[in-house]
Amino acid sequence: MKRIIYLLVAVIGLLVGCTPDEETWVQAGFTTDRESYEIGDLITLTNTSTAENAQIAVCKWEFMGKVSYELTAPEPFRVEEGGDYLFRLTVTSDRGAMKSVFEKTIKIIDDGVRPTADFSWLPERIVAGEEVAFTDQSKAAEGSEIVKREWTFGAILSTEENPKMTFGSHGKINISLTVTDNKNRKDTKTVTVDVAKGAGSLGVLWSHSYDEQGVVYGTSPAISADGQYVYVSSSNYNLVCFTKSGERTWGFDCGQNDEPNRGSDYQHPTPTVDSDGTVYVAVGDNTTKAGADASKSASLYAVKGGADGGTQLWFTAIGAKSSMRPFGAPVVTDQYVMILTNSAPSTDGKHFRIYDKVSGMLKYAEKTSSGSYGGCVGLKDGRILVNTGQSSGRSYGTHTFFPKGNSWSKSSNEQNYAPNDQPNGSQIAVGADGKAYILCHNLGVRISTDETKALVYCYDTKKTTEGKVSTPEWYTAVKGENKQTGYGLVVDGNGVVYVATNKYITAISSTGSVLWETEVAGTAYGVPAIDNEGYIYYNDAEKGSLVKLEPATGKAIASLQLGTELKSSPTISVDGTIYVTGMLEGKPTLFAVEGAATGYAANAWSQMGGNPSKSGYMY
């Protein structure tokens, strides 16, 4: 919108015009409502810039490490730290791009007066599963009062004055209280407590680093159907196998064919484990901004799994310029392995690709609208749902591919699911009743972007027929944003949908109504997971914590600190063990977590890829 305003102003200036001998100039300037401020005071800027025989087209404001473009002035704001701050305004006219700069130093006085955060708790010995009462003992400075309290218990939030907390995990946890007074002055107290083990609490069984280089960025653990083997990978293109007891059995080099961008900090797909134990993994990020060699090719590998595995069954090059940046995993059906690339290979320009899972031979390939960052599932009747990407602010939702003998036909853009919204790298889920659920970045077609940044769509795949425009069963706005970080949703056996966006976990009923929404303490990441008792788990990447939610209320009942960041989705095994990948001490690390669960929600799309093996092929 701002760009449009600037263009309109420029056009008006051109229409008004001026004769060649008229003098034109522009002068930047602004005033403040005071010459000095105290911490917490509201600062108001007023733009006093002028121009002669010209129009002001652009005003660039630079202050406190921020840059904004406002023709009037930025909204009033507060500063929380004292000091002298340089404010700069650069004004550009529509006449020959004339510029003028005005600078002013604004003084923020820090008198050192702040509230003092403090708290206590009873009982003093904290045991997982037993209620603890916390008491705010903070004090406000003379002449002020405390108006806001923010508690964090690991990755669990509370704004109560004296909260009561039952910890669902054992081990060390950070507890913080930040208090804010009526002058917006803050103070924080943080303590680390050791929570004793209780019946059914979360705790780390074991953890192992599995690569010396690369990062965990989107890639999640995949587990064999019997729960005996766990497979992990990293952006360094190494596939590693662990036993359920934490023994590393083998590693396989998935970068042996000179795949591009090895070891970079870009996304890397999750492996998939077939019912016979074969592990499929796609590697190779040819993103140009990372300086990759466009002549190099991404690859798809089939690797023998199990205790005596780690050997290549087959390998296929996807093609020059191809880029495997999806957050999902290869979809494995009875006959095929399916992948969705971000950048299509230059050989055929086709993003969605189906391979024979025995030989690795390419059986089908098709271009998807604008490419994609991931998200495809296979249905038992042979149909396939494939997300699209975004180009020039336009997206085409989710394609349906219909089986045609040994080939498939693709739905048109108008016939897609959510045809005018952007899946944005999210992962699709399919309920046991055949209903498909898609998380989209809201482009404003159905609901204003001012109201919501994210939408969840529900479609009944049984009602989807070739050549017809599909109608959603419902669509629902959710809080937070669906950024290109592999967010998605899961569905329990009753059709309740649990959705992750960057700042919220939301529960939606089978009819599309919001049941509850839980704000996360840091930043949620990936797709949630459901255990066989119905509890929901998600990774808080910023806090480095695995968080457990109560299904009826969304209340966070456990938070377990694991790594420095967890940019992945949790995986729940057949025995209830929860596996998480993340970074610890600068290395990709696999964490095995024990809890009260004895399995995953087997009658549901319980986690990313639907199941612990990440096959993306269930109903």
Side-chain angles (χ1 to χ4, degrees), residues 39-40 78-81 110 112-141 144-196 198 201-204 480 502-505 518-525 537-550 554-567 580 582-584:
I39 288 177
R78 303 179 193 274
V79 179
E80 297 180 3
E81 295 185 9
D110 183 358
V113 177
R114 284 176 175 77
T116 302
D118 195 15
F119 59 90
S120 62
W121 62 89
L122 287 174
E124 292 185 1
R125 182 175 185 267
I126 301 177
V127 179
E130 298 180 8
E131 187 177 79
V132 183
F134 289 85
T135 302
D136 177 18
Q137 297 180 328
S138 306
K139 291 181 172 55
S144 62
E145 61 177 328
I146 293 173
V147 297
K148 185 178 181 182
R149 296 166 178 86
E150 296 173 289
W151 298 80
T152 61
F153 303 94
I156 299 173
L157 291 174
S158 175
T159 56
E160 297 179 39
E161 182 176 355
N162 299 306
K164 293 180 179 179
M165 181 69 188
T166 302
F167 294 90
S169 60
H170 53 268
K172 295 187 182 300
I173 187 170
N174 291 330
I175 300 172
S176 294
L177 170 61
T178 299
V179 292
T180 306
D181 67 15
N182 56 325
K183 293 188 176 181
N184 208 44
R185 297 176 296 193
K186 302 176 184 288
D187 187 47
T188 300
K189 177 179 179 177
T190 302
V191 298
T192 301
V193 300
D194 202 341
V195 181
S201 61
L202 292 178
V204 177
N502 64 329
K503 284 295 181 183
Y504 289 88
I505 308 298
T518 296
E519 185 178 3
V520 304
T523 304
Y525 207 93
Y537 303 79
Y538 70 90
N539 287 342
D540 189 319
E542 184 179 325
K543 298 293 184 180
S545 296
L546 174 70
V547 184
K548 180 179 180 180
L549 303 180
E550 188 178 60
K555 179 183 178 181
I557 58 175
S559 168
L560 181 62
Q561 175 78 39
L562 295 174
T564 50
E565 57 180 27
L566 306 178
K567 292 185 175 180
V580 176
M583 298 298 291
L584 182 63

Closest heavy-atom pair, N502 versus V520, reported as atoms and distance to 0.1 Å, is O-CG2, 3.7 Å
Using only atom types and a distance under 3.5 Å, with no angle test, would you say the side chain of D187 pairs donor to acceptor with the backbone of A117?
yes
task: With side-chain contact (heavy atoms from CB on, under 4.5 Å) as the test, would you mind laying out the steps for Y538 and L566 before giving the verdict?
output: CA-CA 10 Å; Y538 70 90; L566 306 178; over 6 Å; no
Close side-chain approach of V127 and V195, heavy atoms under 4.5 Å:
no
N539 vs V580, test: side-chain contact (heavy atoms from CB on, under 4.5 Å). Steps then yes/no. CA-CA 8 Å; N539 287 342; V580 176; 3.7 Å; yes
dist D194:CG -> K172:NZ (nearest 0.5 Å) comes out at 4.0 Å
All heavy atoms of L549 vs all of A556, minimum pair found to be CD2-CA, 3.5 Å
Is there a side-chain contact between S144 and R185, using heavy atoms and a 4.5 Å cut-off?
yes
dist Y537:OH -> K548:NZ (nearest 0.5 Å) comes out at 4.0 Å
Checklist entry - Does a salt bridge link D118 with K189, judged by any charged N lying under 4.0 Å from a carboxylate O? => result yes
Check your understanding: Is the shortest heavy-atom distance from the side chain of L157 to the side chain of T152 under 4.5 Å?
Key -> yes
**Prompt:** Checking R149 side chain against E160 main chain: does a donor-acceptor pair fall under 3.5 Å?
**Reply:** no
dist E565:CD -> L562:CG (nearest 0.5 Å) comes out at 13.0 Å
Check: Side-chain donor-acceptor pair under 3.5 Å between T192 and N174, yes or no?
Finding: yes
Could you check if a side-chain atom of V147 sits within less than 4.5 angstrom of a side-chain atom of D181, using non-hydrogen atoms only?
no
Side-chain contact, heavy-atom cut-off 4.5 Å: T180 with I146?
no
Notebook entry, point to check: Where the side chain of Q561 meets the backbone of K543, is there a donor-acceptor pair that is under 3.5 Å apart?
Noted result: yes
Report task. Please step through side-chain contact (heavy atoms from CB on, under 4.5 Å) for the pair V193 and I173, ending with a clear verdict. Result -> CA-CA 6 Å; V193 300; I173 187 170; 3.4 Å; yes
Would you call the rings of F134 and W121 parallel, tilted or perpendicular if under 30° counts as parallel and over 60° as perpendicular? tilted
Do I39 and R114 have side-chain heavy atoms sitting under 4.5 Å apart? yes
* Polar contact flag, side-chain donor to acceptor under 3.5 angstrom, Q137-S120 -> yes
Requested in this report: Could you tell me whether R125 atom CZ has more than 12 heavy atoms of other residues or ligands within 6.0 Å of it?
Outcome: no
Looking only at heavy atoms, the pair that brings L560 and H170 closest together is CD1-O, 3.7 Å
Next item on the list: For K186 and T178, test the side chains for any donor-to-acceptor distance below 3.5 angstrom and give the result as yes or no.
Entry: no
Assess the residue pair F119 and I175 against the criterion (side-chain contact (heavy atoms from CB on, under 4.5 Å)); give the C-alpha distance rounded to whole Å, side-chain angles, the decisive distance to 0.1 Å, and a yes or no. CA-CA 10 Å; F119 59 90; I175 300 172; 3.9 Å; yes
All heavy atoms of S559 vs all of S169, minimum pair found to be O-OG, 2.6 Å
Checklist entry - Do V179 and W151 touch side chain to side chain, with heavy atoms closer than 4.5 Å? => result no
#### Entry: Check: A524 main-chain N/O paired with D540 side-chain donor or acceptor under 3.5 Å
no
For S158 and F153, the nearest pair of non-hydrogen atoms, with its separation, is CB-CE1, 4.2 Å
Residues T518 and K555: closest non-hydrogen pair is OG1-N, 4.5 Å
